[in-house]
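Chain naming here is simple, since letters A, B, ... match the order of the sequence lines and numbering starts at 1 in each.
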Amino acid sequence: MLMSEVIKELELTVLADTGDMNMPVTGGYVSDLLSHVMGQAQAGQVWITMQGHQNIIAVASLVGLSAVVVAGGIEPEQQTIAKAKEQEVILCKTSLSVYEAAGRLYRLSL
Amino acid sequence: MQMAWRLVRRWQVRVLKNEGTGLLLEFPLEHYRFETAGEASSKVKQVVRQLGVDAQTARRISVCAYEAELNAIIHAFGGRMKVRVFPDRTELEVTDEGPGIPDVEAAMREGFSTAPDNIRELGFGAGMGLPNMKRSADEFEIKSAPGAGTWIRMLVRY
């Protein structure tokens with residue numbers, strides 16, 4: 001499934017869209033601890049988190065994630081959005097809880 | 001190799017010298033400079049990818065660079081990362097002027113962290129940095145003592 005389809009299915013609000021919308025999404029990863037994402041997330045996954053600061057973008061870019069979804073109604077900082085655009089990482093937000101967002105993503109059977 | 005050179009020139013990364021067929025890059029690391037945290041690692045990843053290192057191996061190099069970079073930013077008063085990229089391996093050497101680690105063995109255990117609360121709230125300081133580095137590198141060496149800073153050397157083969 002493409003990232004653009006995941007965005008539609010989860011009704012995500014896109015904040016930075018300079019990344020590759022046609023990248024196949026391989027799954028999801030949920031954590032608010034950056035080192036866990038660095039060590040365990042796989043390239044192509046969507047990362048759902050409640051961290052909204054700019055360092056999430058560096059992690060997403062290094063891991064090669066297909067997108068970062070900031071859940072729980074958290075508003076990512078302006079620098080985070082700017083950095084996402086610059087580093088071509090797709091950044092979305094949702095008012096869904098992390099649980100709900102992850103559940104919907106899982107249901108897509110990626 | 002030409003593409004990689006073009007990249008490091010554009011970034012104005014300090015290239016110490018061209019050692020044989022390898023590149024030697026140096027990045028300064030500043031205490032609490034979170035706004036640029038990860039940039040050195042990102043550049044290292046791009047250089048090794050340009051030089052034809054496969055994605056999986058580049059990921060291991062990225063993990064080593066990122067965790068070392070963040071440790072220096074969080075715990076040390078400043079430091080530097082030297083990265084030597086060879087055709088068959090990448091070596092990373094990180095030196096800082098931080099407070100040093102009193103018990104290196106304890107620090108190597110997953111979950112052990114001395115990061116302050118404000119840092120943990122950002123999702124850092126999970127006590128995974130050093131274990132992540134060790135797991136990702138083919139060779140890992142650390143030397144540290146209270147008041148003497150920390151020195152880490154990692155080698156990733158491909």
Side-chain angles (χ1 to χ4, degrees), chain A residues 16 18-20 23-24 26-27 29-45 47-66 68-72 74-91 93 98, chain B residues 11 27 29 32-49 53-71 73-75 107 109-113 115 118-137:
Chain A
T18 53
D20 185 5
M23 185 175 184
T26 57
Y29 193 85
V30 179
S31 181
D32 294 329
L33 299 176
L34 307 193
S35 281
H36 277 255
V37 183
M38 271 312 286
Q40 289 168 29
Q42 300 297 319
Q45 288 178 337
W47 173 24
I48 304 171
T49 182
M50 285 185 67
Q51 298 288 0
H53 60 82
Q54 56 188 331
N55 293 104
I56 59 174
I57 303 303
V59 172
S61 168
L62 284 167
V63 176
L65 298 171
S66 45
V68 185
V69 175
V70 179
I74 301 282
E75 288 293 331
E77 293 167 14
Q78 279 307 315
Q79 300 106 299
T80 311
I81 299 171
K83 198 152 255 189
K85 286 178 182 165
E86 179 196 310
Q87 299 204 12
E88 299 179 1
V89 170
I90 297 174
L91 176 68
K93 68 170 182 177
V98 170
Chain B
W11 293 329
F27 302 92
L29 304 173
Y32 269 46
R33 188 85 194 273
F34 283 104
E35 63 272 23
T36 52
E39 277 186 13
S41 312
S42 170
K43 287 169 179 172
V44 171
K45 185 186 176 189
Q46 288 181 62
V47 167
V48 297
R49 288 293 283 151
V53 174
D54 66 282
Q56 211 55 28
T57 310
R59 166 73 181 278
R60 291 199 289 132
I61 296 167
S62 301
V63 172
C64 291
Y66 181 81
E67 298 291 5
E69 192 184 343
L70 264 294
N71 267 2
I73 290 169
I74 293 168
H75 299 286
R109 280 201 296 270
E110 280 189 17
F112 181 92
S113 175
N118 62 326
I119 294 298
R120 288 182 198 233
E121 279 163 18
L122 297 172
F124 298 112
M128 292 295 295
L130 290 170
N132 269 356
M133 288 181 228
K134 194 177 179 190
R135 197 166 39 232
S136 299

To check you understand the geometry: which heavy-atom pair defines the closest contact between [X] and [Y], and what is its length?
| X | Y | value |
| --- | --- | --- |
| A/Leu33 | B/Ala126 | CD1-CB, 3.9 Å |
| B/Glu121 | A/Gln51 | O-NE2, 3.2 Å |
| B/Ala37 | A/Ala58 | O-CB, 3.8 Å |
| B/Asn132 | A/Met38 | ND2-CB, 4.4 Å |
| A/Asn55 | B/Tyr66 | O-OH, 4.3 Å |
| B/Met128 | A/Ser35 | CB-CB, 3.4 Å |

Q.
Does B/Arg135 have more than 12 heavy atoms from other residues, nucleotides or ligands lying within 6.0 Å of its CZ?
A.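 Atom CZ in B/Arg135 is crowded, with more than 12 foreign heavy atoms closer than 6.0 Å.
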Q. Which region of B/Glu35, side chain (C-beta onward) or backbone (N, CA, C, O), has a non-hydrogen atom less than 4.5 Å from a non-hydrogen atom of chain A, or is it both or neither?
A.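 The answer is both parts of B/Glu35.
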Q: Please look at B/Ser136 and chain A and tell me whether the side chain, the backbone, both or neither of the residue comes under 4.5 angstrom of a heavy atom of that chain.
A: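 Neither part.
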Could you grab the distance from atom [atom1] of [X] to atom [atom2] of [Y], nearest 0.5 Å is fine?
| X | Y | atom1 | atom2 | answer |
| --- | --- | --- | --- | --- |
| A/Ser61 | B/Gln46 | OG | CD | 7.0 Å |
| B/Phe124 | A/His53 | CZ | NE2 | 5.0 Å |
| B/Arg120 | A/Asp32 | CZ | CG | 14.5 Å |

Q: Please state whether the side chain, the backbone, both or neither of A/Gln54 comes within less than 4.5 Å of a heavy atom of chain B.
A: side chain
Q) Using non-hydrogen atoms only, which part of A/Val63 is less than 4.5 Å away from chain B: side chain, backbone, both, or neither? A) both
Q.
So which residue, B/Lys45, B/Glu67, B/Arg59, ends up with the most heavy-atom pairs under 4.5 Å with chain A?
A. B/Arg59
Q: Taking the side chain as every heavy atom from C-beta outward, state whether A/Lys83 and B/Glu39 have any pair of such atoms under 4.5 Å apart.
A: yes
